[in-house]
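Everything on this sheet refers to the single structure shown next.
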Amino acid sequence: MVEGVEPSQTIHEDDHTIAFLNLAQAAKGHTLVVPRAHHRDLTDIPFDEAAHVMRATVEVGRRLTGALGAEIRRFRSGPRRLS
């Protein structure tokens with residue numbers, strides 16, 4: 001999708017990230033925000049690049065909430081007890 005081969009709708013692009021809606025969304029507004037550079041997995045992304053991805057994620061989330069009335073999945077703050 002980053003290379004434009006898979007069908008998708010790009011909704012955000014900058015020098016470090018790209019965000020797109022897949023045509024087969026799991027839910028309204030379901031968006032993938034990814035780094036432009038290829039990395040083997042999450043642990044391979046440099047911290048500065050991960051910060052760019054997170055910044056783009058927040059920007060895209062805010063825009064989608066307003067534009068689509070999309071719900072943002074809330075992060076739970078505080079410690080969790082494991083049962």
Side-chain angles (χ1 to χ4, degrees):
M1 289 183 200
V2 172
E3 296 161 352
V5 177
E6 295 292 325
S8 64
Q9 180 180 356
T10 301
I11 60 170
H12 171 86
E13 289 185 78
D14 62 32
D15 291 341
H16 303 278
T17 62
I18 185 167
F20 48 87
L21 298 168
N22 190 304
L23 295 181
Q25 294 179 12
K28 182 179 179 181
H30 181 200
T31 304
L32 298 173
V33 181
V34 298
R36 286 191 174 273
H38 176 76
H39 298 285
R40 183 183 66 242
D41 57 39
L42 183 64
T43 63
D44 193 40
I45 301 173
F47 287 122
D48 60 332
E49 193 168 345
H52 285 291
V53 173
M54 191 61 191
R55 185 175 295 113
T57 301
V58 171
E59 289 175 16
V60 167
R62 288 176 180 166
R63 287 196 317 234
L64 284 175
T65 299
L68 299 177
E71 255 186 58
I72 299 294
R73 299 286 179 178
R74 305 289 178 200
F75 289 104
R76 179 191 159 140
S77 60
R80 285 191 192 180
R81 286 187 5 194
L82 300 175
S83 4

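Computed from a prediction, not measured in an experiment: that's the story for all the values here. Quick note: numbers below take in every heavy atom, side chains included, and nothing from hydrogens, waters or symmetry partners.
- Annotation for F47: hydrophobic cluster partners, listed by chain and number, are none (ILVMFWY side-chain heavy atoms under 4.5 Å, direct or chained).
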Output, in order, the C-alpha distance, side-chain angles, deciding distance and verdict of side-chain contact (heavy atoms from CB on, under 4.5 Å) for V33 and H12. CA-CA 8 Å; V33 181; H12 171 86; 5.7 Å; no

Which donor-acceptor pairs under 3.5 Å do the side chains of residues 49-60 make with protein atoms, sequence neighbours left out?
residue : atom : partner : partner atom : Å
E49     : OE1  : H39     : NE2          : 3.1
E49     : OE2  : H39     : NE2          : 3.1
T57     : OG1  : V53     : O            : 2.8

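- Put simply, CG on L32 and OG1 on T17 are 12.5 Å apart, with the number rounded to the nearest 0.5 Å.
- At distances below 3.5 Å, not a single donor-acceptor pair connects side-chain atoms of R36 with backbone N or O atoms of E13.
- Residue L21 holds its CG atom at 6.5 Å from CG of L64, rounded to the nearest 0.5 Å.
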